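Here's the structure we're looking at; comments come further down.
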Amino acid sequence: MPKGGRKGGHKGRVRQYTSPEEIDAQIKAEHEKAREAELEEGGEGVSKDPTKEKKDQSSDESDEDDDYQQKRKGVEGLIDIENPNRAAQASKKVTQLELEGPKELSRREREEIEKQKAKERYMKMHLAGKTDQAKADLARLAIIRKQREEAAKKKEEEKKLKDTTGAAAKGLQSMSLNK
């Protein structure tokens, strides 16, 4: 046990984070409790206004913001701070979505497409022999072809020379044998 008879501190524990779904569920549970409290205060025999009931069904998100601002507890009423993580996300209806319009690409996607097009253009020019690298490659290939042709000619000349010298040597040997 540490000094003073205390247990360990809080700093070594594993932190637990709440997911956005859990936060939404907690907010909805708070709203349901608040509505039940309103029904109990107003009496069970008294029914709600039908227009207010339609409003509750159609726009839950706007009611969440209103309820949150009305039910500030403790110091929250004195301090005016808005938590960006708490803000409700406005969801779009299917009719509001613009599927037909052209989709704007992100900067990375645009750069990647431009890079691919530039590479394709370069390969076409390279195959046509218009780039510096292609010209250098073709010149190198021409030099290699010339060297190979010269080497082939030298081999043929040496072969002919060997054949002629070999035949002459055979002729001399045969003449010497004939004597």
Side-chain angles (χ1 to χ4, degrees), residues 7-40 47-152:
K7 293 184 180 178
H10 67 281
K11 294 191 176 198
R13 293 185 189 148
V14 177
R15 289 177 173 75
Q16 296 177 348
Y17 299 100
T18 55
S19 66
E21 292 84 20
E22 291 175 354
I23 293 173
D24 291 339
Q26 289 174 357
I27 291 172
K28 287 181 182 178
E30 289 176 6
H31 291 298
E32 290 175 9
K33 287 180 185 177
R35 287 182 186 149
E36 288 175 7
E38 287 177 10
L39 286 174
E40 290 177 7
S47 64
K48 286 186 173 181
D49 185 22
T51 57
K52 189 174 181 182
E53 189 172 295
K54 288 180 184 177
K55 183 181 172 189
D56 287 343
Q57 291 175 354
S58 64
S59 60
D60 286 338
E61 291 144 4
S62 61
D63 289 343
E64 289 177 6
D65 293 338
D66 295 339
D67 292 343
Y68 175 69
Q69 290 180 359
Q70 290 174 358
K71 296 180 182 180
R72 290 187 174 177
K73 298 176 184 175
V75 184
E76 287 183 7
L78 301 174
I79 302 172
D80 190 26
I81 296 175
E82 186 173 322
N83 185 355
N85 296 329
R86 181 102 183 203
Q89 297 177 352
S91 59
K92 291 185 178 182
K93 295 181 181 177
V94 176
T95 57
Q96 293 176 344
L97 292 176
E98 296 179 15
L99 298 174
E100 296 174 3
K103 181 184 173 190
E104 293 184 21
L105 301 174
S106 68
R107 179 184 56 85
R108 287 184 181 172
E109 291 171 340
R110 276 196 313 268
E111 288 176 356
E112 189 174 326
I113 291 171
E114 289 173 6
K115 190 177 180 182
Q116 288 175 351
K117 287 182 181 178
K119 192 173 184 180
E120 289 174 7
R121 271 188 263 121
Y122 180 80
M123 289 305 292
K124 285 180 183 177
M125 291 180 68
H126 185 75
L127 292 174
K130 295 180 180 178
T131 62
D132 293 336
Q133 186 177 4
K135 290 176 184 175
D137 289 344
L138 292 174
R140 198 177 316 120
L141 287 172
I143 292 170
I144 291 171
R145 282 187 192 132
K146 287 180 183 176
Q147 289 174 349
R148 288 181 181 169
E149 287 175 8
E150 291 172 4

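A quick note: this is a predicted structure, and the numbers were derived from the prediction, not measured.
Remark: R121 engages no residue in a salt bridge (charged side-chain N to carboxylate O under 4.0 Å, His left out) (not counting sequence neighbours). Residues meeting the side-chain hydrogen bond (donor to acceptor under 3.5 Å, both in side chains) test with T18, sequence neighbours left out: none. For A134, the side chain to side chain contact (heavy atoms under 4.5 Å, CB included) test picks out H126, T131, with sequence neighbours left out. Every residue meeting the salt bridge (charged side-chain N to carboxylate O under 4.0 Å, His left out) condition with R107, not counting sequence neighbours, appears here in chain and number order: E111. Judged as a side chain to side chain contact (heavy atoms under 4.5 Å, CB included), and not counting sequence neighbours, the contacts of K130 are M125, A128. Take E114 and apply the side-chain hydrogen bond (donor to acceptor under 3.5 Å, both in side chains) test, not counting sequence neighbours, and it matches no residue. For Q147, there are no side-chain hydrogen bond (donor to acceptor under 3.5 Å, both in side chains) partners two or more places apart in sequence or in a different chain. Not a single side-chain hydrogen bond (donor to acceptor under 3.5 Å, both in side chains) links E112 to another residue, sequence neighbours left out.
Taking CD of Q26 as the start and CG of D24 as the end, the distance is 9.5 Å to the nearest 0.5 Å.
Defined by atom type and a distance below 3.5 Å, a donor-acceptor pair is present between the side-chain atoms of Q133 and Y122.
For the salt bridge (Lys or Arg N to Asp or Glu O under 4.0 Å) condition, the pairs that include at least one residue of residues 131-152, sequence neighbours left out, are D137-R140.
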